[in-house]
Amino acid sequence: MSKKRGLSVEEKRTRMMEIFFETKDVFQLKDLEKIAPKEKGITSMSVKEILQSLVDDGLVDSERIGTSNYFWAFPSKALHARKRKLETLESQFTEVKQKRENLQQSVDKARVGRQDTEERSKLAEELASRRHRKEELCAELEKYKECDPDVIEEIRQSNKVAKDAVNRWTDNIFAVKSWAKKKFGFEERQIDKNFGIPEDFDYID
């Protein structure tokens, strides 16, 4: 008989939030260490770490009263926290887009396809950096989509805006590649190689 797969960190975070939302109660750590394993399948040894990660992300509130720490969370607080995070991510997307436009202007001036130059090497590094940042932001968005099933529908539209921003950025990359192909007559594979663009680079579904 195969061994049962353990819960991922995000699954533990989601189930921990369910405890707060379903009970609308205030807990001490020792209470959660008893409740979480029994009702949500979260091992007692990981309760403290998961709870602290939710506190750090602003999804769970905590306060020390006397010698004890108390924890609580409500759906409205989680929703506002996610909306603030999404606003921050969308702002970062805007910044990435502006930097991409600046990069395109530099590409227009560079002599693409001839001998390697310091300027072209810097452009390739910059493009790779922008793509890496885009992947990080996408991963961050996915993280915040998973944590709370009760409010996920309310932030789905905000997630769509962020995804569209990523795809617009990707569209701009394809536009730059198309321009370079027409301007200098190079093959797409050569452009991808020069700027570190992977073969599977594409829009996000």
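All values reported here derive from a predicted model rather than from experimental measurement. Note: hydrogens, waters and symmetry copies are ignored here, and every other heavy atom, side chains too, is used.
Within the model, atoms CG of L7 and CD1 of I42 stand 7.0 Å from one another, a figure rounded to the nearest 0.5 Å. Taken from CZ in F71 to CD in E63, the straight-line distance is 11.5 Å, to the nearest 0.5 Å. Between D25 atom CG and I19 atom CD1 the span is 11.5 Å, to the nearest 0.5 Å. With rounding to the nearest 0.5 Å, the separation of CD1 in I35 from CE in M16 is 10.0 Å. To the nearest 0.5 Å, the span separating OG on S62 from CG on L54 amounts to 11.0 Å.
Between E11 and R15 there is no salt bridge, since no side-chain N of the basic residue sits under 4.0 Å from a carboxylate O of the acidic one. Contact check on R133 versus E136 returns a salt bridge, with a Lys/Arg side-chain nitrogen under 4.0 Å from an Asp/Glu carboxylate oxygen.
Evaluation of the salt bridge (Lys or Arg N to Asp or Glu O under 4.0 Å) test over residues 38-52, restricted to residues two or more places apart or in two chains, returns E18-K40, E22-K40.
Minimum heavy-atom separation, A73 to L59: CB-O, 3.4 Å. The nearest pair of heavy atoms linking P37 to S44 is CG-N, 3.7 Å.
The side chain to side chain contact (heavy atoms under 4.5 Å, CB included) test with I50 is passed by exactly one of R13, E10, M17: R13.
With sequence neighbours excluded, the residues that form a ring pair (Phe, Tyr, Trp, His ring centres under 6.0 Å) with F27 are F20.
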